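A short worksheet on the structure shown next.
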There are 2 protein chains.
Amino acid sequence: MATRTDAPTRREQILKEAARLFAERGFHGVGVDEIGAAVGISGPGLYRHFAGKDAMLAELLVGISGQLLTGAKRRLAEADGAAAPETVLDSLIEGHIDFALDDRPLITLHDRELDRLRDSDRKLVRQLQRQYVELWVEVLREVYPELAEPAARSAVHSVFGLLNSTPHLSRRGPLPSRGATAELLHRMARGAFAAAGGQGTPAQVAREA
Amino acid sequence: MATRTDAPTRREQILKEAARLFAERGFHGVGVDEIGAAVGISGPGLYRHFAGKDAMLAELLVGISGQLLTGAKRRLAEADGAAAPETVLDSLIEGHIDFALDDRPLITLHDRELDRLRDSDRKLVRQLQRQYVELWVEVLREVYPELAEPAARSAVHSVFGLLNSTPHLSRRGPLPSRGATAELLHRMARGAFAAAGGQGTPAQVAREA
DNA sequence: CCTTCAGGTTAACGACCGCTAACCTCCCTG
DNA sequence: CAGGGAGGTTAGCGGTCGTTAACCTGAAGG
């Protein structure tokens with residue numbers, strides 16, 4: 001995957017602006033004329049590049065899910081058995097944080113507009129998301145073997161909620177630098193996992209086997 | 001606040017169903033006819049109870065924010081100076097978890113449809129939310145005095161993201177019991193705060209006895 | 001030089017949606 | 001028992017939105 005230096009194609013411009021607008025005002029809250037205006041063309045000109053408004057959302061959501069999953073698989077392959085599970089988990093967390101900080105509109109869309117997709121697209125996205133989650137669950141259970149699988153899955157979803165909170169942060173003041181924010185989020189994610197996994201207070205996980 | 005035993009009024013029925021539908025398909029994705037149908041009347045009959053579709057959303061969001069803030073203030077008053085800061089923080093977490101588990105549609109709406117409000121309503125909701133956050137920040141900084149204020153605010157937002165992830169949990173299987181889920185979320189929230197507040201990687205739990 | 005075609009344009013259609021108007025029907029109350 | 005308000009109903013208006021149709025244009029290619 002060579003780093004892109006060439007200018008973005010028109011399709012990419014449209015997708016980027018559509019993502020921003022969808023994240024700001026919701027899928028149904030944005031008209032095609034607005035999306036067109038955001039890239040300098042107007043309204044129906046978009047139909048030279050996309051089959052319809054739905055197709056834009058579909059491509060965005062499939063792209064996000066696929067990108068997250070691909071990145072996670074790559075990180076897992078790089079560590080291939082050699083590295084300690086903690087290191088792999090840290091790598092997953094780092095990748096997710098990068099994504100959450102660099103592509104906030106996409107992160108917002110990702111868990112907000114999924115239900116607006118056609119059935120087939122929605123199934124595809126759900127499948128990619130599920131694979132991503134299961135990948136985290138496996139790594140997490142290597143780090144905390146006492147953790148039961150349902151609890152691990154809940155913990156992963158919860159940490160996603162924590163990491164995906166970045167869109168809510170920016171509203172008030174520029175907040176700490178990107179690096180400091182990333183580090184804080186990373187520490188909190190590890191802390192949350194540790195609290196979930198170090199069979200802590202007692203017994204509630206054991207009870208439900 | 002006496003526990004309600006009498007039947008819900010029509011207004012309350014409408015609000016409840018509207019919240020569910022808005023959470024499922026988004027504010028713009030739901031028509032007034034659907035909301036009416038959900039409570040057994042049809043379409044324009046709603047206008048006997050609400051000034052418009054916007055008014056329903058506004059009442060929902062203001063209600064949520066107010067309820068969260070009121071509950072937190074009550075919990076803070078109950079502990080009035082006497083209790084240890086850790087206990088107060090636990091109480092806040094418990095209250096938020098109860099809300100997140102019992103009113104999932106509302107939690108979903110709360111950070112999804114805020115921008116669909118009229119300016120005045122949005123300002124009111126934002127103000128209530130801000131007060132709620134600041135209240136958490138104060139308590140958190142009593143527990144972790146080393147924590148700088150911007151970092152504390154970020155940490156609070158992130159933990160809200162963690163706790164508000166409950167809507168994502170239910171999709172696949174009924175998952176652990178409500179009690180077990182609440183306990184897991186509580187531990188993770190404390191763990192995340194501890195990791196944010198104990199400056200440095202380690203030693204954070206041991207120090208705070 | 002003619003053709004083709006990618007990538008635009010504006011006009012307009014059909015569907016949907018929020019809301020109002022006009023009307024009906026109980027039930028309560030003086 | 002009149003009557004009036006609370007809480008419905010259906011019909012329909014006005015606006016918006018996604019999409020299509022028909023047309024235009026500039027650059028590339030034989």
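Computed from a predicted model, the values in this text were never measured in an experiment. The figures here come from the full heavy-atom set of this structure, side chains too, leaving out hydrogens, waters and symmetry mates.
Going from atom CG of A:Asp33 over to atom C1' of C:dA11 covers 13 Å, rounded to whole Å. Here D:dC17 presents its P atom at 10 Å from CZ of A:Arg25, a figure rounded to the nearest Å. Rounded to whole Å, the distance from CG on B:Leu21 to C1' on C:dG18 is 16 Å. Look at CZ on A:Arg48: it is 9 Å from P on C:dA6, rounded to the nearest Å.
Under the 6.0 Å cut-off for aromatic ring centres, A:His96 and A:Phe160 qualify, their centroids lying closer than that.
A:Gly52 comes within 4.0 angstrom of the backbone, heavy atoms only, and of no base. Nucleic acid contact class of B:Val39 (heavy atoms, under 4.0 Å, all strands): none.
Side-chain proximity of A:Lys53 to the nucleotides D:dT19, D:dT9, C:dG18 is greatest for D:dT19.
Heavy-atom nearest nucleotides on DNA chain C were determined for A:Pro44 and for B:Ala51, and the one closer to the 5' end corresponds to A:Pro44. Of the residues near DNA chain D, B:Gly40 and A:Gly31, the one whose nearest nucleotide (by heavy atom distance) lies more toward the 5' end is B:Gly40.
Between B:Glu24 and B:Arg20 there is a salt bridge, with a side-chain nitrogen of the basic residue lying less than 4.0 Å from a carboxylate oxygen of the acidic one.
In this model, the phosphate group of D:dA6 is not approached by any side-chain N or O of B:Arg10 to a distance below 4.0 Å at OP1 or OP2. Between C:dA6 and A:His49, no contact under 4.0 Å exists linking OP1 or OP2 to a side-chain N or O.
Looking at A:Val137 and A:Leu140, their side chains never come closer than 4.5 Å, going by heavy atoms from C-beta outward.
Side-chain atoms of A:Thr87 never come within 3.5 Å of backbone atoms of A:Ala83 as a donor-acceptor pair (strictly under, hydrogens ignored).
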